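Have a look at the structure below, then the notes.
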Amino acid sequence: MRFSQFFARTLRENPSEADTVSHQLLVRGGFVHQLVAGVYSYLPLGWRVLRKIEAIIREEMDAAGAQELAMPVLQPVELWEETGRNLAFGEIVFNVKDRKEHMLLLGPTHEEVVTMLARRWVKSYRDLPFTLYQIQTKFRDEPRPRGGLLRVREFPMKDAYSFHADGESLDVTYRRMAQAYKNIFERCGLPTLMVEADSGAIGGKDSHEFMVQAESGEDTIIYCPGGDYAANVEKADSLKEQGETESLLPLEAVATPDVKSIEEVAKFLRVPHKKTLKAVFYSAGDSLVFAVIRGDLDVNEVKLRNLFKGADLRLATDEETRQAGLEPGYASPIGFKGIKIVADPSITLGSNFVAGANKKDAHFRNANYPRDFSVDVMADIAIAKAGEGCGRCGKPLQSTRGIEAGHIFKLETAISGKMGADFLDREGVSRTIIMGCYGIGVGRLLAAAVEYGHDDRGMIWPENIAPFQVHLVGLNLDQPQVSSVADRLYADLKSAGLEVLYDDRAESPGVKFNDADLLGIPVRLTVSPRTIKAGVVEVKRRRDKESTMIAAEALQGHLRELLGKRNGS
RNA sequence: CGGGGCGUAGCGCAGCACGGUAGCGCGCUUGGUUCGGGACCAAGAGGUCGACAGUUCAAAUCUGUCCGCCCCGACCA
């Protein structure tokens with residue numbers, strides 16, 4: 001492609017609306033253009049990258065035995081009423097009305113449609129298992145699009161769905177898909193971390209996310225440096241520090257005027273945070289929930305929400321707390337009944353805790369479970385933090401930020417059960433089809449690749465997904481001798497099967513070199529009066545600092561060495 | 001939805017407290033000189049100042065309403 005004819009324009013300055021690196025660079029380089037909030041055009045450069053990622057995904061999906069199909073974006077609301085997920089998704093779905101006032105929606109995902117297909121086709125265990133996938137635009141009216149391509153409202157996604165007669169079959173496919181995902185991300189040149197994830201309101205059992213490590217990521221990952229554990233913080237568990245165990249002392253009330261927060265209490269009574277009990281109140285649906293946890297820890301709302309199966313969980317207001325008969329700042333489960341008490345096991349790691357006295361300006365010393373109070377549910381509701389122990393090996397955990405590029409999970413019968421997708425097993429007994437589903441945010445993956453691969457001059461694309469393989473820069477092309485050499489080289493490279501962006505514009509060298517750095521194509525070749533005189537071509541890899549001069553005759557072989565081996569297909 | 005910021009030429013911005021000719025840099029067009037890391041000279045094109053309403057002799061500037069975009073939070077199969 002000749003740059004002079006290419007539909008691309010670079011910007012010298014960062015667009016004001018972008019402050020995520022990938023967003024800035026993709027806009028500056030002319031890869032994407034925003035139409036409205038969270039809706040982007042993929043311009044030729046961006047589209048080329050997207051199609052390369054898609055091609056890799058297709059190859060790996062096909063190799064893993066999945067079959068491609070295409071399902072409609074436009075879906076009838078009735079289908080979603082079967083699973084009730086039109087309510088679970090709520091405001092996030094884009095609704096449309098047809099001319100007959102029939103309500104339709106723009107698919108945010110395709111479990112319902114694909115399960116309808118399975119229901120129609122699958123009669124017998126002999127029809128199972130199989131896996132279907134598509135690469136298609138999804139629509140979600142996110143409350144807040146952000147970070148350029150990282151969180152948008154219209155986006156290309158690869159979604160796959162597997163159907164099984166039993167859990168063992170699902171396990172096999174799940175592992176195969178996990179491996180396919182590893183292959184995909186590796187071929188895209190992106191190191192990812194496979195982490196245990198929360199499966200969210202959709203239900204199901206196992207769930208894993210594939211994370212690209214990046215500061216701009218929306219998720220926090222807790223992982224063990226030993227490599228035996230990694231999880232999204234929403235799901236992560238850890239070994240909490242053991243508090244000191246003393247012989248139990250008698251409960252004793254102390255005056256604590258105006259002392260409310262754990263911080264204040266610990267300071268006022270001169271005890272460490274981990275020797276206090278924290279009480280937090282949530283509103284779940286139409287009732288309140290009383291959460292108790294050791295004072296140095298925090299409540300993981302995702303874990304808590306999962307205990308209440310999808311209920312609308314939010315922090316209760318002080319007003320609501322008082323109405324339940326509790327005094328904010330001085331509340332504790334001691335001598336209290338009325339609302340459900342959920343406790344974290346950390347309240348047993350230690351003894352003689354300081355806890356609220358359920359009246360203003362007073363606390364108890366030496367509170368101990370179960371001597372002094374009882375709880376309704378004892379379950380892990382704590383946020384895991386770096387520094388705490390790995391549940392597998394005990395080593396201190398670490399944390400990092402990540403971009404969720406892929407997510408796989410075992411749906412089991414969460415969808416198929418509600419939709420009556422059944423089959424007859426070997427014994428002629430009707431059973432519910434078991435499902436798995438597997439997603440990759442393709443556009444987000446593209447952005448993640450930039451978050452991962454860039455420097456202060458621009459993007460640095462991995463070979464396999466770069467928009468072009470070679471960036472040919474011609475300098476002083478107004479000299480006929482130079483342009484004829486450059487034109488010939490361009491033609492030769494193309495006929496050798498390379499994808500070449502040929503900068504034949506009448507721009508100064510500085511502009512061309514800076515654009516080459518910005519666009520981040522893996523190999524830059526320069527032809528100029530200088531190189532022609534020496535009978536060489538300058539070769540510079542984007543990720544290297546130095547360039548080398550290669551004799552014109554040896555160039556093709558040299559390029560093959562630089563690029564060839566990476567093209568795995 | 002709560003908090004904050006912003007909307008003036010294709011892009012980045014100034015002008016607005018104090019109302020009176022719409023400006024700068026980049027980019028773009030034409031001609032010339034340049035040519036290995038964002039060249040120079042000269043001449044140009046390009047804007048209903050987000051929208052609507054109000055105040056005023058007069059509004060980019062003051063007032064009101066609405067719309068849009070970005071950031072933090074809430075939320076996020």
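Lettering follows sequence order; numbering is per chain, from 1. Everything numeric here is computed off the predicted structure, so don't read it as measured data.
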Test: R119(A) and E112(A) ion pair at under 4.0 Å: no
Check whether the side chains of E263(A) and S261(A) place a donor and an acceptor atom closer than 3.5 Å, and report yes or no. no
For F210(A), does the six-membered ring have the charged nitrogen or CZ of K182(A) within the cation-pi criterion, i.e. under 6.0 angstrom from the centroid and within 45° of the normal? no
Those residues at least two apart in sequence (or on a different chain) that pass salt bridge (charged side-chain N to carboxylate O under 4.0 Å, His left out) with R505(A) are D503(A), D515(A)
For C35(B), does either OP1 or OP2 sit under 4.0 Å from a side-chain N or O belonging to S508(A)? no
Check nucleotides 30-34 of chain B for protein N or O atoms closer than 3.5 Å to its own N or O atoms and list the pairs.
none

Polar pairs (N or O, both sides) under 3.5 Å between protein and nucleotides 3-6 of chain B?
none

ring-ring contact (aromatic ring centres under 6.0 Å, His included) partners of Y161(A), counting only residues at least two apart: none
B/S/- contact track for nucleotides 40-46 of chain B, protein heavy atom under 4.0 Å: -------
Please, which pairs that meet salt bridge (Lys or Arg N to Asp or Glu O under 4.0 Å) have at least one residue in residues 518-535 of chain A, sequence neighbours excluded? R524(A)-E538(A)
Which atoms of nucleotides 22-28 of chain B (N or O only) lie under 3.5 Å from a protein N or O atom, and what are those distances?
unit_1	atom_1	unit_2	atom_2	d
G25(B)	N2	E13(A)	OE1	3.2
G27(B)	OP1	R12(A)	NH1	3.4
G27(B)	OP1	R12(A)	NH2	3.1

Per-nucleotide protein contact along nucleotides 70-76 of chain B, 5' to 3', at a 4.0 Å heavy-atom cut-off (B base, S sugar-phosphate only, - neither), is SBBBBBB
Not counting sequence neighbours, which residues clear salt bridge (charged side-chain N to carboxylate O under 4.0 Å, His left out) with E17(A)? List them please. none
Does anything in residues 476-486 of chain A pair up under side chain to side chain donor-acceptor pair (under 3.5 Å), and if so which pairs, sequence neighbours excluded? none
Sorted by number, the residues of residues 513-523 of chain A with heavy-atom contact under 4.0 Å to RNA chain B: F513(A), N514(A), D515(A), D517(A)
Would you mind classifying the nucleic acid contact of S207(A) as base, sugar-phosphate or nothing, using non-hydrogen atoms under 4.0 angstrom? nothing
For A42(B), the Watson-Crick or wobble counterpart (both distances under 3.5 Å): U30(B)
ring-ring contact (aromatic ring centres under 6.0 Å, His included) against Y133(A), all qualifying residues, sequence neighbours excluded: none
Ignoring hydrogens and angles, state whether a donor on the side chain of Y174(A) or H208(A) is under 3.5 Å from an acceptor on the partner side chain. yes
